[in-house]
Every structure is written in C-alpha cells, then in structure tokens.
Amino acid sequence: MRSRIALTIAALAFVLVSCGGGGGEFQDKVADQLIENMQETGFDVDADCVRDATNKLSDADAKLIFDAGPEGDPDGVSDSAVDAASALVECLGS
C-alpha cells in the first residue's frame, strides 16, 4: 500500500511542478484529491502544506490534473513544476 502512495506521489511530483499560481477551484479540488488519497493509504499529511503546493499550479494545469484523477496521467501540463513537487513530498508524514 505504501508503494502505491509512493508511486502516486512520484507521478504527481512530475505533474505538480507546473508553473502558475492559483488557489482557484481546480487547485482546491486537486488538493482535496491528494489529501484523500494520501490519508486512504495510511499517511499522515499536512493539508495546509498540500494546499500550498497545489496553489502553485496554473488553472489550466490544475484542471488537467484533476480531470486525470489520482492515478491518471494528465497530458499537456506545463514544464516547470519542480518547486511544487518538492513541496508536496515535504507534506507527508509516516
């Protein structure tokens, strides 16, 4: 089960490094989706930290990620997502 969340985080890390700046509707939905998925797999998660990371997404990237779902592979996201991905990994407890 932990390997599933690790794979999910790795996939999202790639995706969440999208440029932008948000706090919009889809950034919130992506945050909710991530928090729920992490909690279901047994991780403690800092919800505020996740929201801070997803708020760095552009509206377009957040919508693509949300539409793809937690196990999907969103096509067409922007190239610059390193900071958000790093921040997301720091949101995990054990």
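Side-chain atoms are counted along with the backbone in the values below, which use heavy atoms only and exclude waters and symmetry mates. Keep in mind that this is a model prediction, so the values were computed, not measured.
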Exercise for review: May I ask you to check if Lys63 and Phe66 form a cation-pi contact, with NZ or CZ under 6.0 angstrom from the six-membered ring centre and within 45° of the axis?
Suggested key: no
Review point. Would a distance-only check, ignoring hydrogens and angles, find a side-chain to backbone donor-acceptor pair under 3.5 Å from Gln27 to Gly24?
Key: yes
Point to revise | Sequence-distant partners of Asp46, side-chain contact (heavy atoms from CB on, under 4.5 Å), two or more places apart | key: Asp48, Cys49
**Study point:** Partners passing side-chain contact (heavy atoms from CB on, under 4.5 Å) against Leu64 (at least two apart in sequence or in another chain)
**Key:** Asp61, Pro74, Val77
Between [atom1] on residue [X] and [atom2] on residue [Y], distance to nearest 0.5 Å:
X     : Y     : atom1 : atom2 : value
Leu57 : Phe26 : CG    : CZ    : 12.5 Å
Leu34 : Lys29 : CG    : NZ    : 14.5 Å
Cys91 : Asp52 : SG    : CG    : 7.5 Å

Review point. Should Met38 and Leu88 count as side-chain neighbours, where that means a heavy-atom distance under 4.5 Å?
Key: yes
Review point. Do you know which two heavy atoms are closest between Asp28 and Arg51, and how far apart they sit?
Key: O-NH1, 3.7 Å
**Study point:** Taking every non-hydrogen atom, the tightest pair across Gln33 and Ile65
**Key:** OE1-O, 4.1 Å
